[in-house]
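Position 1 is the first residue of the sequence, and the numbers go up from there.
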Amino acid sequence: VQLQASGGGSVQAGGSLRLSCAASGRTFSRQTVGWFRQAPGKEREFVAAIRWNSGGYTYYADSVKGRFTISGDNAKSTVYLVMNSLRPEDTAVYYCAADPSIILSSIRMARQYEYWGQGTQVTVSS
């Protein structure tokens, strides 16, 4: 699976962005797809995930719950991350990842995902 992340940019605090993760080579229908982010000098951290291979359930990091929404369009093989009420601390490179066999207890662990996109920069100014 090849993943292409896009949609990043620069916004002011309180603004919104929509990230997209498009898959080629295989659809997302049997995958868990996650979004992670990495700020300079920090470890890559979990943001959100959707388990298309298990009912489409969604999961969020506490820091983004209520502000970010993950969703998917299987016909377009694309997963979206809508980010509202952005804060300066959301500034990071955002990556999408996918895996066909990740278990629920590992869904927040970056190292458990097999496929990764190239990342898209999100910058939020105060």
Side-chain angles (χ1 to χ4, degrees):
V1 178
Q2 291 79 47
L3 304 178
Q4 180 74 34
S6 61
S10 297
V11 297
Q12 290 190 328
S16 299
L17 284 172
R18 187 181 77 162
L19 305 184
S20 298
C21 178
S24 59
R26 190 176 298 178
T27 68
F28 281 137
S29 62
R30 296 183 180 273
Q31 308 273 341
T32 293
V33 180
W35 284 97
F36 291 79
R37 65 187 182 187
Q38 188 165 18
K42 295 187 176 181
E43 293 186 355
R44 193 167 296 189
E45 65 173 357
F46 171 78
V47 175
I50 182 168
R51 284 173 65 85
W52 273 356
N53 55 357
S54 183
Y57 288 102
T58 57
Y59 304 86
Y60 297 93
D62 288 344
S63 59
V64 307
K65 199 172 296 183
R67 299 188 298 124
F68 292 9
T69 302
I70 188 171
S71 64
D73 186 334
N74 194 37
K76 296 182 178 180
S77 293
T78 301
V79 169
Y80 303 100
L81 184 69
V82 175
M83 306 185 295
N84 296 318
S85 302
L86 282 163
R87 304 167 180 169
E89 54 263 39
D90 294 318
T91 295
V93 177
Y94 283 70
Y95 300 88
C96 61
D99 194 280
S101 58
I102 195 168
I103 60 175
L104 183 56
S105 60
S106 298
I107 202 169
R108 290 172 170 79
M109 300 178 185
R111 64 180 183 271
Q112 298 295 333
Y113 286 77
E114 182 173 359
Y115 305 106
W116 287 85
Q118 84 289 2
T120 184
Q121 175 71 46
V122 172
T123 303
V124 184
S125 58
S126 58

Would you please test R87 and D90 for salt bridge (Lys or Arg N to Asp or Glu O under 4.0 Å) and show each step?
-> CA-CA 5 Å; R87 304 167 180 169; D90 294 318; 5.3 Å; no
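- When hydrophobic clusters are built by joining Ile, Leu, Val, Met, Phe, Trp and Tyr residues whose side-chain heavy atoms come closer than 4.5 Å, directly or via intermediates, V82 is not grouped with V47.
- Atoms OG1 and CE, from T69 and M83 in turn, are 11.0 Å apart once rounded to the nearest 0.5 Å.
- Between I102 and R51 the shortest heavy-atom distance is O-NH1, 3.2 Å.
- Separating the OG1 atom in T120 from the CH2 atom in W35 is a distance of 7.5 Å, to the nearest 0.5 Å.
- Here the CG atom belonging to D99 is positioned 4.5 Å from the OG atom belonging to S101, to the nearest 0.5 angstrom.
- Between the side chain of R37 and the backbone N or O of V122, no donor-acceptor pair lies under 3.5 Å.
- The closest side-chain donor-acceptor pair between T78 and D73, if any, does not fall under 3.5 angstrom.
- Here the CD1 atom belonging to I50 is positioned 12.5 Å from the CD atom belonging to Q31, to the nearest 0.5 angstrom.
- Under a hydrophobic-cluster definition in which Ile, Leu, Val, Met, Phe, Trp and Tyr are linked whenever side-chain heavy atoms come within less than 4.5 Å, directly or via other members, F46 and L104 are assigned to the same cluster.
- W52 and V1 fall within the same hydrophobic cluster, defined by Ile, Leu, Val, Met, Phe, Trp and Tyr side-chain heavy atoms under 4.5 Å apart, directly or through other members.
- When every heavy atom of S16 is checked against every heavy atom of V11, the shortest pair comes out as O-CG1, 3.9 Å.
- T32 pairs in a side-chain contact (heavy atoms from CB on, under 4.5 Å) with only one of the listed residues (Y113, Y57, Y59), which is Y113.
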Go through the steps to decide whether L19 and Y80 satisfy the test side chain to side chain contact (heavy atoms under 4.5 Å, CB included), and finish with yes or no.
-> CA-CA 6 Å; L19 305 184; Y80 303 100; over 6 Å; no
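- Aromatic ring centroids of F36 and Y95 lie 6.0 Å or more apart.
- Closest approach of Q118 and A5 over heavy atoms only: NE2-O, 2.7 Å.
- When all heavy atoms of A13 and P88 are compared, the closest pair comes out as CB-CD, 4.1 Å.
- When all heavy atoms are compared, the tightest approach of A98 to L3 is N-CD1, 3.8 Å.
- Closest non-hydrogen pair, E114 versus P100, comes out as OE1-CD, 4.1 Å.
- The main-chain N or O of V124 is found under 3.5 Å from a side-chain atom of T91 such that the two form a donor-acceptor pair.
- Put simply, OH on Y60 and CZ on R67 are 12.0 Å apart, with the number rounded to the nearest 0.5 Å.
- Residues V64 and L81 are members of one and the same hydrophobic cluster, defined by side-chain heavy-atom contacts under 4.5 angstrom among Ile, Leu, Val, Met, Phe, Trp and Tyr.
- Rounding to the nearest 0.5 Å places CZ of F68 at 9.0 Å from OG of S85.
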